[in-house]
Undergrad: 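One structure is given below, represented as structure tokens, and several questions about it will come after.
Only heavy atoms go into these numbers, but all of them, side chains included; no hydrogens, no water, no symmetry mates. Everything quoted here is computed from the prediction, not taken from an experiment. Protein chains get the first letters and strands the later ones, always in sequence-line order, with residue 1 at the start of each.
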Amino acid sequence: MHPVIPYVIAAVLFGLGCYGVLVRRNAVLMLMSVELMLNAVNLVLVTADTTARATLPSTGGVFALFVIVLAAAEVGVGLAIVLQLYRLKRSVELDSVSLDGAISTPGAASTDGRTSTQSGAPAAKVTTDRGGAAS
Amino acid sequence: MTTADVLMIALGAVAVAAAGAVVSSRHIVRAGLWLVVTLGSVAGLYLVLAAELVAWVQVLIYVGAVVVLLLFAVMLTRAPIGASPDLDRSRWPGLLIGGGVGLGLAALLVDAYRWSTVAVGPSAGAERMGAAIFRNWVLPFEVLSILLLSALVGAIVISRPDVGERSTPDKGHPYESRSTYDGEGRD
């Protein structure tokens, strides 16, 4: 068994998870990408069981179990936050959450179309939100 | 190239392709279902690496609970059923950073392990993992139970329907306004 194969798979999964966190606008899709990264880490931990000669046996597998538990707890709390955000703003688009605490008016649909023409730079969207928001 | 290698390459190809579909699909619900495929193939990789308990816990908790929770959130946030055109920000920063991270880690690991061979150890079933956890890792196990309790309580507290009313600054401290509810049975 060549351990470089699962290690490279884990590295590619981690890179894909990073890409998803940075690119996806929907909060639930971002949480899915975080799950990809956690799975990559778990794969490294389980593969390390075979390559590293640890003092305590199966340490990698035990840590992988702990990471699974942590991921489940994180997804629970994270989705509670996302649902509360949806209750307040009728949209889970992360770019419309202004960082200074002002609650901007939600878009017409659940994914509002006004942000589709602007690319990158969430700071530009924050200033336009502050101009139009009734706080 | 042993059978384990071929299996790992096949499962890895499925996992990477499904993960690519998760981060690039235009349908939100389909991204969740591609995540099921990714997590299932990673569980298959755990089985090839002889970590049986981790594989079954992965299927049970990740595929069975976490993905279901994510799909519930997709439904409760009224995600559109068809394709959404504006699900992604501009892709180039993400491609640079994600690609750089993935390539950097892959280069590091390839440089460390090259084409070396290891023997897959004895299968880490429930008995061996249970012995390892309850002999060496009891304290983290118990602390994890406290963490799960706090995550449960935290999720319930965040989901209360009256959290949004305290966002205006002139209502004072949130717990002061709650004291006026004495005896009226808010719940």
Undergrad: Need one label for A:Leu16: side chain, backbone, both or neither, based on atoms under 4.5 Å from any heavy atom in chain B.
TA: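 Looking at A:Leu16, backbone and side chain both touch chain B.
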Undergrad: Which value, rounded to the nearest 0.5 Å, describes the distance between B:Ile158 atom CD1 and A:Leu83 atom CG?
TA: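 B:Ile158 atom CD1 to A:Leu83 atom CG measures 10.5 Å (nearest 0.5 Å).
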Undergrad: Would you mind checking which part of B:Arg128 comes under 4.5 Å of any heavy atom in chain A, side chain (CB onward), backbone (N, CA, C, O), both or neither?
TA: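 When you check distances to chain A, only side chain atoms of B:Arg128 fall under 4.5 Å.
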Undergrad: Side chain from CB out, backbone as N, CA, C, O: work out which of these in B:Ser116 comes under 4.5 Å of a heavy atom of chain A, or both, or neither.
TA: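 It is both, since atoms from each part get that close.
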Undergrad: Can you tell me which portion of B:Ile61 sits under 4.5 Å from chain A's heavy atoms? Options are side chain, backbone, both or neither.
TA: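 For B:Ile61, the side chain is the part near chain A, not the backbone.
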Undergrad: Please flag which part of B:Leu45 lies under 4.5 Å from any non-hydrogen atom of chain A: side chain, backbone, both or neither.
TA: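 For B:Leu45, the side chain is the part near chain A, not the backbone.
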Undergrad: With a 4.5 angstrom heavy-atom cut-off, is it the side chain or the backbone of A:Ser33 that approaches chain B, or both, or neither?
TA: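 A:Ser33 touches chain B through side-chain heavy atoms alone.
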Undergrad: May I ask you to decide if A:Leu22's main-chain N or O and B:Arg89's side chain share a donor-acceptor pair within less than 3.5 Å?
TA: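 The answer is yes, because a donor-acceptor pair under 3.5 Å joins these two groups.
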Undergrad: Salt bridge between A:Arg24 and B:Asp88, side-chain N to carboxylate O under 4.0 Å?
TA: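 Salt bridge present between A:Arg24 and B:Asp88.
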Undergrad: Which atoms of B:Thr3 come close to chain A, meaning under 4.5 Å heavy atom to heavy atom: side chain ones, backbone ones, both, or neither?
TA: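 Interface part for B:Thr3: neither.
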Undergrad: Is it the case that the side chain of A:His2 and the backbone of B:Thr117 share a donor-acceptor pair, with hydrogens and angles ignored and the cut-off at 3.5 Å?
TA: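 Checked: no pair found.
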Undergrad: Is it the side chain or the backbone of A:Leu29 that comes within 4.5 Å of chain B heavy atoms, both, or neither?
TA: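 For A:Leu29, the contact with chain B is made by the side chain alone.
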Undergrad: Is B:Arg114 in contact with chain A via its backbone, its side chain, both, or neither, using a 4.5 Å heavy-atom distance?
TA: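 B:Arg114 touches chain A through backbone heavy atoms alone.
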Undergrad: What part of A:Leu79 gets closer than 4.5 Å to chain B, counting heavy atoms only: side chain, backbone, both or neither?
TA: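 Only the side chain of A:Leu79 comes within 4.5 Å of chain B.
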Undergrad: Using a 3.5 Å distance criterion without hydrogens, assess whether the side chain of A:Arg87 forms a donor-acceptor pair with backbone atoms of B:Ser159.
TA: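 Indeed, once roles are kept as given, a pair shorter than 3.5 Å links the two residues.
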Undergrad: Under 4.5 Å from any heavy atom of chain A, what part of B:Ala31 do you find: side chain, backbone, both or neither?
TA: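 Contact with chain A is through both the backbone and side chain of B:Ala31.
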Undergrad: Taking all non-hydrogen atoms of both residues into account, name the closest pair between B:Tyr62 and A:Leu38 and its distance.
TA: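 Closest pair (atom of B:Tyr62, atom of A:Leu38, distance): OH-CB, 3.5 Å.
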Undergrad: Pick whichever of B:Val42, B:Thr38, B:Leu152, B:Leu95 has the most heavy-atom pairs under 4.5 Å with chain A.
TA: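 Highest number of pairs under 4.5 Å: B:Leu95.
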Undergrad: Please flag which part of B:Leu69 lies under 4.5 Å from any non-hydrogen atom of chain A: side chain, backbone, both or neither.
TA: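 Both backbone and side chain.
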Undergrad: Between A:Glu74 (side chain only) and B:Ala151 (backbone N and O only), is there a donor and an acceptor less than 3.5 Å apart?
TA: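 A pair under 3.5 Å: no.
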Undergrad: Evaluate the side-chain proximity of A:Leu56 to B:Arg135: yes if any heavy-atom separation is below 4.5 Å, no if none is.
TA: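 When only atoms from C-beta onward are counted, A:Leu56 and B:Arg135 do not touch, as no gap falls below 4.5 Å.
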Undergrad: Look at the aromatic rings of A:Phe66 and B:Trp137 and report parallel, tilted or perpendicular, splitting at 30° and 60°.
TA: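 Correct class here is perpendicular.
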Undergrad: Let me know if A:Asp49 has heavy atoms under 4.5 Å from chain B in its side chain, its backbone, both or neither.
TA: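 It is neither, since no heavy atom gets under 4.5 Å.
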